[in-house]
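Both counts, for ligands and for their atoms, begin at 1 and track the order of listing.
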Amino acid sequence: MDSQLSVVRDDGKEGRVRPPADPATLVHRDLLGGDWWRRIPAFAEVDEATFLDHRWQMKNTITRPEKLLAAVSGLASEAFLKDAAEGFRRAPMAVRVSPYMLSLIDWERPYEDPIRRQFIPTESTRLPDHPKLTFDSLGEQGDAPVPGLTHRYPDKALFLALDTCPVYCRFCTRSYAVGPDQEMVEKVSLKASPKRWEDIFAYVASRPELEDIVISGGDSWNLRASQIETLGDRLLGIPHVRRMRFASKGPAVMPQKVLSDDDWFRALVEVVKKGRAFGKDVMLHTHFNHPNEITEITRRAMQRLFSEGVHIRNQTVLQRGVNDDAQTQVLLARRCAWVNVHPYYVYQHDLVKGVEELRTTVATALELEKQVRGSTAGFNTPTFVVDAPGGGGKRDIHSYEHYDRTTGVSVYTAPSVKPGRFFLYFDPIDALPAEGQARWADRAQHQAMIDEALAAAGA
Ligand SMILES: *Cc1c(COP(=O)(O)O)cnc(C)c1O
Ligand code: SF4
């Protein structure tokens, strides 16, 4: 291997060792710092103290497409702005982009920019949805004994505590519940209501098998400090609950909150400390998708959490043109590790309306996993999973019973979750070989492709 040198060791034997790395290649440590946001005309006068204030970030978060596009007019081309305006008109998600996110986008190359692609749709790149896509493709509502609690796995449950987020992502799996109603979508209500929470606490208390509660939504960043305390007190007070996780995209999209919302920060730290005193594990789970989302501000925020004993894991969504190449995935894993965030999962993109251009094939995930594993510590190496449509839950991407790369149909089983059932995932059609695309173009072939895959899987 050319990265290793042949040397004669002290014992006289010849061996091969790595030469020292050129520090210039350790780019995962190069975090964006300074006052980069000032290159956005709307933020040209914003000083550091203001930019670090979470209240300023919240107040200046953009919720109307026209305002968003106006903020970057002069930076992005007219053609792009028109394309995005039309993209927004068709999008089934609400718009919410923080100044922090907006300032990290390279507006001179918006089509390629990995952050732009996650938040701002363009009409010209839109692809038709997969014919097998259904709303709530994960079947979270089907596995919900009480509204907003999904109890799918034996010992853990997902508590959808609220229905708002600090930003709204195009690719969100929970677009069935999160954010205000859009033209094309009727939402399910999962507001942070005391009555709904009481029903959930009662259910968790009534189920001795539940040891692990994921608090998501929506997003824990938008919980008030008093709500964090309530969730901590009530859930940690249930004897059989041993583990809790607060899930939030906040560290990736508004790390300022950790640095300046002292009430919220204290509330979270107190729940973690109380958990530790009870012998219970409380963690923060977050959602970085690209190394550009990790800046010097992130490092400071993660250090504040780490120094108080709050541990953080990261869940990434694999997206085309965002993080579907090995170099980006390796850089993301190593940069997360550099700021003490443990890479946990990389998710195959769910079947979600209006974002077919962001999905990748299962083959892509298989290849990426191969490249990432070995690039850093095993505990900082994410597991690549697919959340099996229809409620099978997360499966290791490699564990399919059958995968046809031509039709893009993969078949998974989940013996500990739904024994005896088979779950199908469908690659995006435009990424298939011509033969597969031709078969999907013919409606009469759809069921045949599924039947073939199920038969090959032994169903
Ligand atoms: C992801 C998820 C969990 C947590 O799963 P882990 O693999 O332990 O991270 C729990 N319940 C539901 C419904 C989920 O989707
Ligand atoms: S922050 Fe999470 S829950 Fe909220 S829109 Fe984004 S992906 Fe969905």
### Task
Could you establish whether H285 and ligand 1 come within less than 4.0 Å of each other, counting only heavy atoms on the residue side?
no
### Task
Answer yes when R196 and D199 have at least one side-chain N-carboxylate O distance shorter than 4.0 Å, and no when they do not.
no
### Contact check: Y344 vs ligand 1, nitrogen or oxygen atoms, below 3.5 angstrom
yes
#### Entry: Intermediate values then yes/no, ring pair (Phe, Tyr, Trp, His ring centres under 6.0 Å), W37 and F43
CA-CA 6 Å; W37 55 88; F43 309 144; 8.8 Å; no
### Task
Give the single entry among Q315, R152, H151, K394 that approaches atom 4 (C) of ligand 1 most closely by any heavy atom.
K394
### Summary
Note: C169, heavy atoms under 4.0 Å from ligand 2, region reported as both
### Summary
Contact region, R245 to ligand 1, non-hydrogen atoms below 4.0 Å, reads side chain
### Query
Quick one: which of D155, V417, I213, T150 has a heavy atom closest to atom 13 (C) of ligand 1?
T150
### Query
Could R243 and D155 be called an ion pair, given the rule that one side-chain N must be under 4.0 Å from one carboxylate O?
yes
### Message
For the residue pair K280 and F278, would you count it as a cation-pi contact if the rule is NZ or CZ under 6.0 angstrom from the ring centre and within 45 degrees of the ring axis?
### Response
no
#### Entry: Residue among R109, E108, R116 satisfying side chain to side chain contact (heavy atoms under 4.5 Å, CB included) with E112
R109
### Task
Using distance alone, decide if ligand 1 has a nitrogen or oxygen within less than 3.5 Å of any nitrogen or oxygen in K156.
yes
### Query
Between H287 and N314, is any side-chain donor less than 3.5 angstrom from a side-chain acceptor?
no
### Query
In terms of atom number and element, which parts of ligand 1 are under 4.0 angstrom from non-hydrogen atoms of Y345?
6 (P), 7 (O), 9 (O)
### Ligand-side contact atoms (ligand 2) for residue partner C165, heavy atom cut-off under 4.0 Å
1 (S), 3 (S), 4 (Fe), 5 (S)
## Note on the structure
Tested for side chain to side chain contact (heavy atoms under 4.5 Å, CB included) against V362, the lone hit among Q348, E367, H398 is Q348
